[in-house]
Amino acid sequence: MDKNINEKYNEYLKSKSPQTKFFPTLLWAFLVGGTICCIGQGIYDIYSAIFPEFTKDILRAYTLVSMIFIGTFLTGIGVYDKIGAFAGAGSILPITGFANSIASPAIEFKTEGWTFGMCVKMFTIAGPVIVNGIVFSIIVGLIYLII
C-alpha cells in the first residue's frame, strides 16, 4: 500500500513541478556568471590603475573584499536573490555567491537575536562547504605528500 501512495505522490509532484528549459538556463547561468567575473576583473583593473604601487596579491585581496561586499550588499537589499532566481548556478559559483550564502541566513534569522540567530545560522548553508573544502584539501595535500 505504501508503494502505491509513494507512486501517486511522485506522479503528483511531476505534474506540478515546472519543467526546466535546459539550454536557456545554461545560457543565462553562463552569461550572468561571466558578467559577475568580468565585473571582478574590472574592479581589479581599476584598483591596479589607481594603486600602481600595490602588488598583485594586495590587488587581488582588495578585489575579493570588494566583490564580497557587493554580494553581501545586494543580498541585503534583496537584489541578489532575484539574480539567483534568474541565473541559477551562474550566481552561485563566483565569490559573490558565497557571500550570499552566508548573508542570506544571517538576514533571515536576525529576529532570533545576535547569537542564536545571526551568528549561529550564518553558516547553515556555507558551513558544510567550508568543512568539505578543508577536509578535501587535507586529503589532496596528503596525496601530494605521498606522491
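If you're wondering where the values come from, they're calculated on a predicted model, not measured in any experiment.
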Output for pair (L142 CG, S137 OG), nearest 0.5 Å, gives 9.5 Å

Let me check something: do F136 and I146 share a hydrophobic cluster, defined by ILVMFWY side-chain heavy atoms less than 4.5 Å apart, either directly or through other members? no

Among the clusters formed by ILVMFWY side chains lying less than 4.5 Å apart, do M67 and V32 turn up in the same one? yes

Could you give the distance from CD1 (I68) to OG1 (T63), rounded to the nearest 0.5 Å? 11.0 Å

Does any non-hydrogen side-chain atom of N100 lie less than 4.5 Å from one of D81? yes

Do you know which of I130, N132, V131 makes side chain to side chain contact (heavy atoms under 4.5 Å, CB included) with I134? I130

Look at the side-chain heavy atoms of Ile, Leu, Val, Met, Phe, Trp and Tyr, link any pair under 4.5 Å apart, and say whether I36 and L64 land in one connected group. yes

Side-chain touch L27/F23, heavy atoms, less than 4.5 angstrom: no

For the atom pair SG (C37) and CD1 (I95), what is the distance rounded to the nearest 0.5 Å? 10.5 Å

Is the backbone N or O of S91 less than 3.5 Å from a side-chain atom of Y80, with the two atoms forming a donor-acceptor pair by type? yes

Within a reach of under 6.0 Å around CZ of F73, are more than 12 heavy atoms found that belong to other residues, nucleotides or ligands? no

Is there a path of hydrophobic side-chain contacts, each under 4.5 Å between heavy atoms, that joins L145 and I143? no

What orientation do F51 and Y62 show, parallel under 30°, tilted 30 to 60°, or perpendicular over 60°? perpendicular

Take a 6.0 Å sphere around OH of Y44 and say whether it holds more than 12 heavy atoms from other residues, nucleotides or ligands. yes

Determine all donor-acceptor pairs shorter than 3.5 Å in which one atom belongs to a side chain in residues 9-17; sequence neighbours excluded.
| unit_1 | atom_1 | unit_2 | atom_2 | d |
| --- | --- | --- | --- | --- |
| N10 | ND2 | N6 | O | 3.3 |
| S15 | OG | Y12 | O | 2.7 |
| S17 | OG | L13 | O | 2.6 |

What's the spacing between L31 CG and L26 CG if we round to 0.5 Å? 10.5 Å

Quick one: OG on S66 to CD1 on I39, what's the gap to the nearest 0.5 Å? 12.5 Å

Just how far is it from atom CZ of F69 to atom OG1 of T96, taken to the nearest 0.5 Å? 13.5 Å

Verify same cluster id: F98, V135 (apolar side-chain graph, 4.5 Å): no

